[in-house]
Every structure is written in C-alpha cells, then in structure tokens.
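Take a look at the structure set out below.
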Amino acid sequence: MAKQTKDLALAQGLTEEEWDRITASLRREPTEAEVAVFAAMWNEHVSYKSSRTYLRQLPTRGPRVLVGPGENAGVVDLGGGLAACFKMESHNHPSTIEPFQGAATGIGGILRDIFTMGARPIANLDSLRFGSPTHARTPYLVSGVVSGIAHYGNCMGVPTVGGELVFDPTYDQNCLVNVFTLGVVRADRIFYGRASVPGSVVVYVGSATGRDGIHGASMASAAFDEDASRKRPTVQVGDPFAEKCLLEACLEMMDRGLILGIQDMGAAGLTCSTFEMAARGGTGMRVDLSRVPLRAAGMTPAEVLLSESQERMLLVTSPGGVQAVLGVLAAWDLCGEAIGEVTDTGRMEMTFEGETVVDLPVALLTDEAPVHERPWAVPADLEERWTLPAPPPRREVWESFLDLLDDPSFRSAAPVFEQYDHMVQVGTVVHPGEADAAVLRLLDAPPRGLAVVSDGNGAMTWLDPATGAFNIVAEAVLNLACVGARPLGLTDCLNFGNPERPDVMWEFREAVRGLAEACTAFGTPVTGGNVSFYNETAGRSIFPTPVVGVVGLVEDVGKVVRAGFARAGDVVVLLGPTDARLDGSLYLRRRTGEVRGRPLRADPDLHRAVCDLLVSSIESGLLHSAHDLSEGGLLFALAECVVLSPGGLGAGLDLSFAAEDPEALLFGEAPSRAVVTLSPDDLPTLEAASRERGVPFLPLGLVGGPMLRADPFVSVPVETLVARHRAPLPGL
Amino acid sequence: MRFAIIVFPGSNCDRDCAHVLGEVLGQDVRFVFHKEPVLPPTDCVVLPGGFSYGDYLRAGAIARFSPILADVVRFAEAGGLVLGICNGFQVLLEAGLLPGAMLPNESGRFVCREVFLRVENADTALTRGCKAGQVLRIPVAHAEGRYHAPPETLDEMRRAGQVLFRYVDGRGRARDSANPNGAVDHIAGVMNRQGNCFGMMPHPERASERVLGSEDGRLLFESLIRTSRRG
C-alpha cells in the first residue's frame with residue numbers, strides 16, 4: 001500500500017525529497033486525495049518554488065498601490081474613489097497543445113482574476129509570440145489562438161484593445177500566449193480571496209465539475225516531449241457564456257454585500273482555491289466534497305479536487321447570506337451549493353461520502369511549501385552572444401530599408417484586431433495599432449482615462465537578461481508617454497525555459513534583477529504576475545522572455561495623440577539620442593540571421609526626462625503625434641509614422657546626420673527615443689522644453705507629400721510602404 | 001422619453017446603450033431582465049447587442065423564447081417603437097418581428113471595424129434626423145451579420161422603403177469591398193412594414209460621442225426621441 005501511494009506521488013511529479021517531507025510532517029502516509037493535493041500545491045506553477053526567492057526583489061509598494069502581489073490581481077488607486085485592477089498571466093502550454101481552447105481559457109482565467117476582486121473588466125491585451133512565419137505549425141497556431149481569444153473575449157463583452165504579435169524561430173515549438181486584463185473597481189469595495197471569519201459558509205459557484213483539465217497545472221510545470229499532442233485532454237474547454245453570467249452574478253452579489261471572500265478556481269481548481277483562501281485568512285475549512293456539483297459520474301475525490309473545469313468560483317458568505325447568494329445564482333441559471341464552512345483550526349478537513357479523505361495543516365501546503373534554491377551558472381556561450389558577427393558585405397541603405405519592411409513586425413495586425421471586438425463598452429479612445437498604447441476612457445471620471453501597453457523582447461533579453469528586462473520596462477513607460485500617460489503600476493509574465501538548467505536559472509535571476517531595477521527607476525511597482533517555466537520542446541529553451549503589462553493614467557483623453565503623422569506641414573522632430581547600436585537589432589538579425597551583440601541599457605535620468613517631456617507636451621496640446629523608436633530603429637519608425645497616418649502622409653526629411661555611419665544610425669536600436677510632430681510655430685517651445693530637461697532635440701523635416709524622403713539615403717513612395725504594411729501575416 | 005433596455009443572459013451592449021441614452025442624451029432608461037413577464041411603461045424597447053444565451057444554436061435563436069419576448073411582440077404589434085441592434089436585430093428576426101434572416105459572415109470570422117452606411121429611407125422614426133443618401137460612419141462587430149431574404153421579400157421591402165441602411169464606401173457607393181459580411185444587396189438595417197420596429201447590425205451607441213471618433217449614431221437616437229415628442 002505504502003509503496004503504491006509513493007509511486008502515485010512520484011508519478012504526479014513529487015520528488016523523493018518532497019515525499020519524505022510529507023511523511024515526516026504528517027507522521028503517516030498521505031491518502032490518495034492528499035497526494036493529489038500535495039502534487040497540485042507544490043508544483044512549480046502554483047507554488048513558485050524555483051522563483052519565489054528571486055521575486056522578493058521586485059518593488060511592490062508605492063503610494064498608489066492598494067493591493068500588491070499575492071491576491072488574485074493587483075490594484076492601484078486612481079483618486080476620486082476609483083481604482084484600477086489588473087494582471088497578466090501566461091497560457092503558453094495549453095495554447096501550444098490546443099491553440100483555440102488554450103487561448104480561450106487563458107482569457108477566461110485572467111478575466112476571473114479581475115472580477116473576483118470586485119472590478120468590472122474593461123480591456124484585454126494579448127501578447128502573442130509564435131515561431132517563424134515559415135514554420136509548418138505557425139499558421140495553425142496563430143489562427144487558433146486568435147480565434148480562441150475572439151471567441152471568449154467577444155462573448156464576454158470585454159474589448160481586446162492591443163498587445164503584441166511577434167514571430168521568432170525560438171518559439172517554433174512553444175508559443176507564448178500572455179493575456180492581460182484591466183478592470184475598474186471602487187477603491188472602498190475591493191474583494192479578497194480570503195476566508196477570514198470562522199463559522200461562515202463556503203459556497204461553490206458556477207459550472208459543474210467534470211474530469212477536464214485534471215493535472216493541468218502539472219502539465220504547465222514540465223517540458224514537452226516530442227508528442228505534446230497526447231496532452232491535449234489536459235486542456236480545458238471554455239464556455240464564455242457561462243462566464244459572462246458568472247461575472248454579472250458575482251458583481252451583483254458584491255453590490256448587495258453578500259460576499260466575505262471570493263476566489264476563482266483556476267490552476268488546480270478546488271484544491272488551490274480552498275487552501276489559498278484559508279491560508280490568507282489564517283483559518284481552516286471543513287468541506288464535503290460529495291456536495292460539489294458534478295457533470296461526470298463516478299468521479300473520485302482526487303478528481304474532484306484536481307479538476308480544472310472552467311467558469312467556477314469559490315466564495316465565502318455569512319450563514320444568513322446563503323439564501324440570497326443562491327437566489328442571485330438561480331436568477332443567472334448558475335449552480336450554487338454550500339459545500340462547507342470556515343473553521344479556526346488551521347486545518348483543511350475534507351470528507352467524501354462520509355469518509356475523511358483530506359486532513360492537512362493548511363500552512364504546510366501554502367506558506368511552508370518547498371522553496372528550491374536552484375543552481376545557476378553563467379551560460380558558457382555568453383561571450384559569444386556578445387560578439388558581433390563579421391560585418392556583412394556593404395549594401396545600399398535603400399536595399400536594407402526595403403528588406404526590413406518585409407519583416408512581419410512591420411505588417412499591420414488589423415486582420416487580428418478586426419476579429420476582436422475592440423469597441424464594446426464604449427470606452428476605446430485609441431484603437432488597436434493606432435498608437436504606442438491603447439487608451440480607454442474612464443466613464444465614471446471624465447475626462448480621465450487609462451493607457452495600457454505590453455512589451456517584451458526575447459532576443460535582447462537573451463543577449464543580456466538584466467539589460468533586456470530593464471529596457472522592456474523602459475519601453476513600456478515610453479509607449480505610455482507617447483499617448484500622454486504616466487505609469488501607475490506593472491504586472492509581468494516571466495516566460496523562461498527549464499529552471500532545472502543552471503543557465504536558464506541564471507537568465508531568470510538576471511532578468512528579475514533588471515526588472516526590479518527598472519521598476520524602481522521608473523516608478524512602476526509590480527502588483528502581480530506569473531512565472532512560466534519549462535517553455536521548451538525537445539530540449540531547446542526559448543529565449544528568456546519576460547513580458548510586462550503597464551497601466552498609465554491619462555489626465556484628459558481628448559488630448560491623446562497617436563503614432564501616425566497627423567497633419568501636412570508639421571515638423572518632424574527626433575527626441576532623444578541620435579546614437580544607436582546594431583547589437584541585437586532587427587536589422588542585424590535579418591542581415592546575418594544571428595542574434596548577437598550587447599544591447600545598450602536605458603539611462604534612467606535621460607529616459608525619465610524624455611517621458612516627462614512627452615507627457616507634458618501632449619498635455620499642453622503641443623504635439624500632434626508621437627511614436628517611440630524601438631525594434632527596427634529610426635527609419636523603420638518613420639515608415640510606421642507614414643503608414644499609420646490618416647490618408648498616407650509622406651515626409652521630406654534630412655537625415656544627413658547619419659552620413660558617418662548610416663547602418664548604425666538609421667537601423668540601430670537604442671532606448672529613450674521618440675519621433676514627434678508639431679506645428680512649426682510651436683517648434684521653439686518644444687526646443688526650450690527639451691533643453692530645459694537635457695533631452696537631445698533634432699528637427700528632421702516636414703510632414704507631407706507622396707514620398708517618404710530621407711535625404712540623402714532613401715526616397716520611397718507612400719504606396720510602397722502601405723503595400724508592405726498590408727502584406728498578409730501567416731494564419732490570418 | 002422612456003427607454004426599456006432588455007437584458008438577456010449574454011447581452012453585453014446593454015450598459016453601452018444605457019450610457020448613451022441616459023448619460024449622453026438625458027433620457028429615462030430602465031433595464032428589463034429577460035425573466036420579467038411584462039414590460040414596464042415605456043416609449044421604446046431596445047434589444048442590445050451581445051451574445052444572448054451565448055449565441056449557441058444560432059444567434060438570437062434562444063432569446064426569442066425568453067419570457068419578456070412575448071410582451072415585446074405585443075408592444076411592437078400595438079405600434080410601440082422597438083430597436084434591435086446587432087444581436088438584438090438577430091432576436092427580432094428570430095421572433096418574426098422583422099423580415100429576413102441572418103447568416104454567418106461570408107469570411108467565417110468575427111469582424112469589428114468602422115463602416116460607412118448610406119441612409120436609404122430618411123422618412124422613418126429612426127432616421128428622420130438624417131438626409132436621404134447621407135453617409136454615416138458607425139462600427140460593426142459581429143460574426144453573424146450577413147442579412148438574407150428571398151428575392152420576392154426583398155422586392156417588397158425595397159418598394160415599401162423597409163431597407164434603412166446599406167453598407168457603402170466613404171463616397172457613398174455600395175461596393176462588395178465595403179460590405180463587411182456579405183449581406184444581400186449590402187443591407188445593414190431594415191424595418192417592418194408598419195415602420196415602428198427597426199433592426200440594424202452596426203452599433204450606433206458606439207458612435208455617439210466625439211471622443212470615440214464619430215457622432216453619427218446619435219442622429220438615430222435623436223430621431224427616436226424627436227418622434228416620441230411628436231407623438
């Protein structure tokens with residue numbers, strides 16, 4: 001018997017060491033259901049056992065932070081009684097196995113995280129990373145993921161307003177689907193995933209429990225073998241209609257003061273929600289698993305505990321509130337069942353058909369879960385990564401420019417965004433792709449609004465994880481500044497390879513360090529996020545790819561500017577350094593096929609000055625457009641300003657400053673730079689404001705005409721740029 | 001003017017309509033849950049967009065059996081103003097209050113974008129604030145918006161002025177390239193023969209404020225309000 005239980009534990013991913021700890025702590029063999037609980041709660045995805053010690057470095061406090069990490073989502077104060085609630089989460093493994101349902105249930109999960117806090121979700125972002133456009137599986141994954149997001153998000157009535165769409169061979173066999181949701185909540189009515197009051201009632205809410213998604217969390221905590229499709233049954237199936245009803249029912253119960261604590265059932269389902277709520281409340285629970293509504297016959301207690309059936313919540317209400325809770329659920333035709341009560345024992349006691357199947361101290365599974373100090377080592381090839389490849393043969397600038405415009409990153413993502421309802425809730429002021437960040441108005445606090453953006457850069461982070469991570473925060477903050485928003489807070493998805501490999505662990509350490517430094521430097525406290533390890537297939541780790549979602553405040557949405565040139569006759573000005581490097585650049589990757597070099601790290605003082613200049617110039621109505629320089633460099637950004645302009649405005653520019661080293665200065669990449677346009681009459685005002693802040697300022701020329709002329713290097717008809725911009729993307 | 005906005009499970013533009021009618025236009029707005037047996041006293045019933053009952057089976061097919069629908073049909077047959085937007089339009093078709101049917105978009109995909117609409121009949125309760133032939137900029141967002149009706153029905157509708165809006169390009173020309181879903185004869189909105197029940201796929205509530213880029217949709221709501229004052 002003992003041998004059998006132990007085998008079961010090892011088969012479910014627990015280690016010998018962990019088994020010994022369990023038996024030592026309990027002074028007995030765990031039951032089969034308890035093994036399931038340990039395996040679920042102590043796996044990487046739920047316990048963060050490899051990452052916890054590092055994540056403590058991240059700055060999580062700030063004057064506006066109302067709720068930091070550890071809850072279902074973070075919350076920052078907006079003033080005037082309102083707060084923004086947001087979080088980002090990964091759904092990489094399920095989406096790689098079954099793209100449609102994987103992505104759909106990712107949206108379902110992140111939306112639940114937001115509305116459990118009492119917030120109504122107002123916007124989604126999706127940061128999507130796929131393999132090479134020519135890889136056989138890429139079109140299938142793109143099309144499945146995009147339609148899965150559309151299926152779920154559209155039905156929920158939450159607009160999908162932005163994100164990223166990146167193609168790189170590093171994600172060939174492991175796509176990244178990082179989903180972000182923003183909600184708005186009354187600052188005095190935030191709900192927590194806590195069971196604090198002994199004697200209160202635990203109510204199961206939402207769809208019935210089936211066998212779907214059992215071991216989903218452990219699937220996300222292991223690398224795939226060649227035949228990942230065999231894991232397809234561990235991916236759950238989403239029902240957005242059930243979740244829409246759940247959303248409305250929960251908000252109604254919250255409005256009526258019926259809820260003492262609430263948590264969604266995500267990874268590891270009922271197990272995780274019961275243990276975490278009791279742990280946060282410092283209490284215990286007594287739960288009768290036989291009362292859980294089931295949709296499959298003959299389920300074992302372990303299956304009930306591990307099921308990841310979607311659209312379910314666990315809530316705690318007072319004994320007097322149960323009838324009212326069940327009444328609201330009935331109105332929305334949802335299941336509701338009182339399954340237990342909160343105790344003061346600190347133990348989780350669960351019965352099934354009258355028999356005790358789980359009796360465990362809550363803390364052992366949560367706060368006292370194992371922490372691994374995984375070994376780390378500097379990658380052996382780091383010096384090689386930093387060495388630039390031999391310079392490619394000389395080529396005319398125009399040739400390089402046109403080649404760069406063939407990159408998928410230049411192409412319009414309209415075929416993606418048109419599949420998402422991006423306007424529902426009548427809040428979308430800046431539509432997807434129009435500007436560096438999406439902007440939502442706050443219907444309850446006009447004329448203010450929120451700007452949201454997500455950024456990541458796997459190649460740069462692989463070259464130098466600390467700098468790469470530092471720079472993506474810098475870029476996100478600059479993106480916000482380009483629409484006139486100041487940052488409030490940040491959430492992250494840390495997508496990495498196998499943490500059992502010392503070089504991956506080093507990348508993780510370094511990236512978290514860079515992230516922590518950037519968040520401190522740019523005033524963006526981290527309010528939550530997640531870690532996704534084991535992103536690799538057949539032994540190959542992906543580029544370390546932290547992705548951040550940053551929320552900013554816009555004082556007046558009527559003053560927001562977009563990225564495209566706005567008016568003929570405006571002056572085009574480059575703000576920030578003219579200097580740039582080819583290291584890790586898109587240009588170098590396309591030219592040589594190699595990711596090499598050492599990226600420049602943003603200078604915090606200069607970066608803050610550039611952002612401040614942008615925001616104050618936009619708030620005072622000085623600027624007509626603003627666009628940051630990121631991947632692709634200066635010429636690439638100018639081409640984007642042309643194709644994003646209404647009616648296709650060209651420009652006549654003098655870039656002779658680049659004559660010294662055209663490749664580096666035109667295609668090189670460096671942080672803290674933006675292209676803005678404004679009326680020639682206002683040029684002296686902007687120049688004075690730039691000088692005051694020590695921001696380099698260089699007028700380049702004028703907007704207008706049928707060509708993008710960048711003397712003395714290139715002159716390309718606007719139609720040519722537009723045609724490249726409209727070229728199709730794989731799978732769309 | 002009193003508006004009753006029907007809330008089906010899965011409606012998701014109910015609050016948007018209430019925002020425009022209530023906050024922007026200052027009208028008296030009430031939500032009516034689909035399980036209510038009767039409408040409250042009202043001057044106009046709005047069936048909002050969304051995914052009523054998840055659009056399972058077929059968009060609007062289940063909502064038509066909601067308890068409140070019987071009273072909406074009674075209200076419409078008595079000459080009351082009824083406006084169905086997007087999913088609400090689909091429900092009105094399923095309930096038989098409007099002629100025709102809705103098919104999945106020709107592309108097979110959900111489509112959300114701004115489109116141009118030409119006002120084909122400006123002499124109705126919904127369009128009297130517009131000029132005939134006026135081009136409006138209003139967004140669509142749907143997966144099942146390909147309007148369809150048999151040729152003889154279409155002929156009748158055209159003769160009776162029941163075709164309210166057609167998809168056109170920016171210069172007002174009906175073109176396949178300007179038609180987002182493949183609707184027959186580029187039809188975007190219709191009314192019943194009596195002229196009191198309206199259905200349209202585009203979302204006027206998303207184009208009723210300057211900050212959202214277009215105010216053309218407001219012309220339609222204002223027409224309804226003007227109609228009610230005259231009555």
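Letters go in sequence order (proteins before strands), and every chain restarts at 1. Note that the structure is predicted; figures quoted are calculated from it, not measured.
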What part of S11(B) gets closer than 4.5 Å to chain A, counting heavy atoms only: side chain, backbone, both or neither?
backbone
Using a heavy-atom cutoff of under 4.5 Å, enumerate the residues of residues 412-422 of chain A that contact chain B, numbered in order, or state 'none'.
E418(A), Q419(A), Y420(A), D421(A), H422(A)
Residues in residues 238-252 of chain A near chain B [non-hydrogen atoms, under 4.5 Å]:
D239(A), P240(A), F241(A), K244(A), C245(A)
Chain B: which of Q425(A), M156(A), H431(A), R441(A) shares the most heavy-atom pairs with it under 4.5 Å?
R441(A)
Top of V429(A), V424(A), D333(A) for chain B proximity - count of heavy-atom pairs under 4.5 angstrom
V424(A)
Taking atom CZ as the centre, does R2(B) end up with more than 12 heavy-atom neighbours from other residues, nucleotides or ligands that are less than 6.0 angstrom away?
yes
For each of L732(A), V557(A), V158(A), T428(A), tally heavy-atom pairs with chain B at distances under 4.5 Å, and name the one with the top tally.
L732(A)
Do you know which two heavy atoms are closest between N154(A) and F51(B), and how far apart they sit?
O-CE1, 3.2 Å
Contacting region of R15(B) [heavy-atom separation from chain A under 4.5 Å]:
side chain
Sort by residue number and list every residue of residues 199-217 of chain B having at least one heavy atom under 4.5 Å from chain A.
E205(B), R206(B), E209(B), V211(B), L212(B)
What residues of residues 30-43 of chain B sit under 4.5 Å from chain A when only non-hydrogen atoms are counted?
F33(B), K35(B)
Test log, rule side chain to side chain contact (heavy atoms under 4.5 Å, CB included), inputs S147(A) and R109(B)
CA-CA 8 Å; S147(A) 47; R109(B) 286 177 176 172; over 6 Å; no
